[in-house]
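Take a look at the structure set out below.
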Amino acid sequence: MGSKNAPPGNRTRRPLSIFAVLALCCTFYLLGAWQRSGSGKGDSLALKVNKMHTDCNIVPNLSFEPHHKYVDIVASSEPKAKKFKACDVKYTDYTPCQEQDRAMTFPRENMIYRERHCPPQEEKLRCLIPAPDGYTSPFPWPKSRDYVYYANVPYKSLTVEKAVQNWVQFQGNVFKFPGGGTMFPQGADAYIDELASVIPIADGTVRTALDTGCGVASWGAYLLKRNVIAMSFAPKDNHEAQVQFALERGVPAIIGVLGTIRLPFPSRAFDMAQCSRCLIPWASNDGTQLMEVDRVLRPGGYWILSGPPINWKTYYQTWKRSKEDLKAEQKKIEDLAESLCWEKKYEKGDIAIWRKKINAKSCQRKSPDLCDLDNADDVWYKKMEVCKTPIPEVTSKTEVAGGELKKFPARLFAVPPRIAKGLVPGVKTESYQEDNKLWKKRVTNYKRINRLIGTTRYRNLMDMNAGLGGFAAALESQKSWVMNVVPTIADNTLGVIYERGLIGIYHDWCEGFSTYPRTYDLIHANGLFSLYQDKCNLEDILLEMDRILRPEGSVIIRDEVDVLNKVNKIVGGMRWEAKMMDHEDGPLVPEKILVIVKEYWVGTSKNNTSS
């Protein structure tokens, strides 16, 4: 305790000490404020970035935690970003690489005209694709599986053409999807139950599936509750908007066709594939289409054929074909399947099932000419060939070629065989495990930034530069799915992604993606713009992202700060709200995060738009 009789000198020093402490506090406060504002130049920008529109109700749960700093954007002497105008409403459902007018200039033989045909640089649209008037955010999963708003996909043709097959029904202001299909009008569940009597669907052995000619993807929609994820595709043809319906339902799908070009998937990707009256000519073209299915089917995988020519004795009159013709077609398919080392496991009623042998040692019949194994994943715009893709060699008849996979969900974080066997350059078991830890940390951070991530609000997600699939693995949930895109100019890691029980696709981001507008709720791009900054126009990539992103959808871009400054300048001319944030590990890390929300707006007549 202090003495009441302290000497006079102590009394004079006390006010000086208090003054000195106050001066130091003020100095540090001003220094901190100066640093936070970006060297004293970013105060007005910080206020602008913090401002949120309260009148438009744009994703009200988008939350930025206070421990994150908004990063000052380096000023540039270049002119301000141009403002992108809205496209005409006739482009509401624009798909740049599958447009009808361009398609009709190509041969119809083998569906060539339905393959990808992208516009040259000078013909690309450089405007923002409008949503249709009345557009509404889709129903949350699982309700979206069964209901779609008419205003979002205003096409009724399938309700008439497929009325007796229970594809889709129109009720009031919504479409209802009863779960039927051409070969399963009583519902996909009963159809899958029959398949499951032969194929181990229930125990996690089968995880990834391929649906060739999927319609509205009801097979894939009903597999999801059995923890099987299907990649479905169908052409953009007279069955208007079938893939658009699938994605609006929250089911993975792309626009595509099995014609003359290889599928954009790696070899040995799928545990199961099916053709349900897909009308692919399996017995024609020297069997190239079935050989392509063999390429993407994993050793031990299953192929299902329901529809012509199966059960031809019952349907030959309905199909308006002769018994002899259909019998000969089925014989060709059976001979081809045997030559590919497939074993027929089941035929009853409308369904036949084959299983691919687990290795080449167990084959009893000589296979067709073998393709070059080194080119098994070289697929982008590459023609299919009349040859069988070889599978890795084994040392015994019981060994699974390429490596045996754990049952899902264990295989999600197990070391994929391609990595364990050293087939992915630069990736070892330790680096794979570190990558998983890194993405768990990053996704946790993303969820702090945007609290809607991991909820049913974001159903359809895309990772534009997926790497080893760590982002998707960290988010794995019944609430959402991720389209893992491996750019054609990046390291080939897509096989690893499939071995983890995830799905994905090869793509070149200098071109349009094979999907309809407004099909993804959240898009993630890690290092994508650094990868492409010298390859093509970054503006084109951002406009494509806007095309496929739903109104009020979100984007997370992670990249070097100098690249993000270029990106953010372009974003300034789009109808996006953007915030740049520090890396999880602090402001000294040169990598930053740009978080974006797309505004809600729709197209109206005469090029007008409304928010």
Identify the two heavy atoms, one from [X] and one from [Y], that lie closest to each other, and give their separation to 0.1 Å.
| X | Y | result |
| --- | --- | --- |
| Glu99 | Asp93 | OE2-O, 4.4 Å |
| Tyr302 | Ile353 | CD2-CG2, 4.1 Å |
| Arg298 | Arg411 | NH2-NH2, 3.4 Å |
| Phe513 | Arg547 | O-NH2, 3.0 Å |
| Ile358 | Ile391 | O-CD1, 4.5 Å |

Check for me whether the distance between the ring centres of Phe265 and Phe270 falls short of 6.0 Å. yes
Salt bridge between [X] and [Y], side-chain N to carboxylate O under 4.0 Å?
| X | Y | answer |
| --- | --- | --- |
| Glu476 | Arg500 | no |
| Arg459 | Asp521 | no |
| Lys176 | Asp146 | no |
| Arg418 | Glu499 | yes |
| Arg116 | Glu511 | yes |

If you draw the axis of the six-membered ring of Phe177, does the NZ or CZ of Arg249 fall within 45° of it and under 6.0 Å from the ring centre? yes
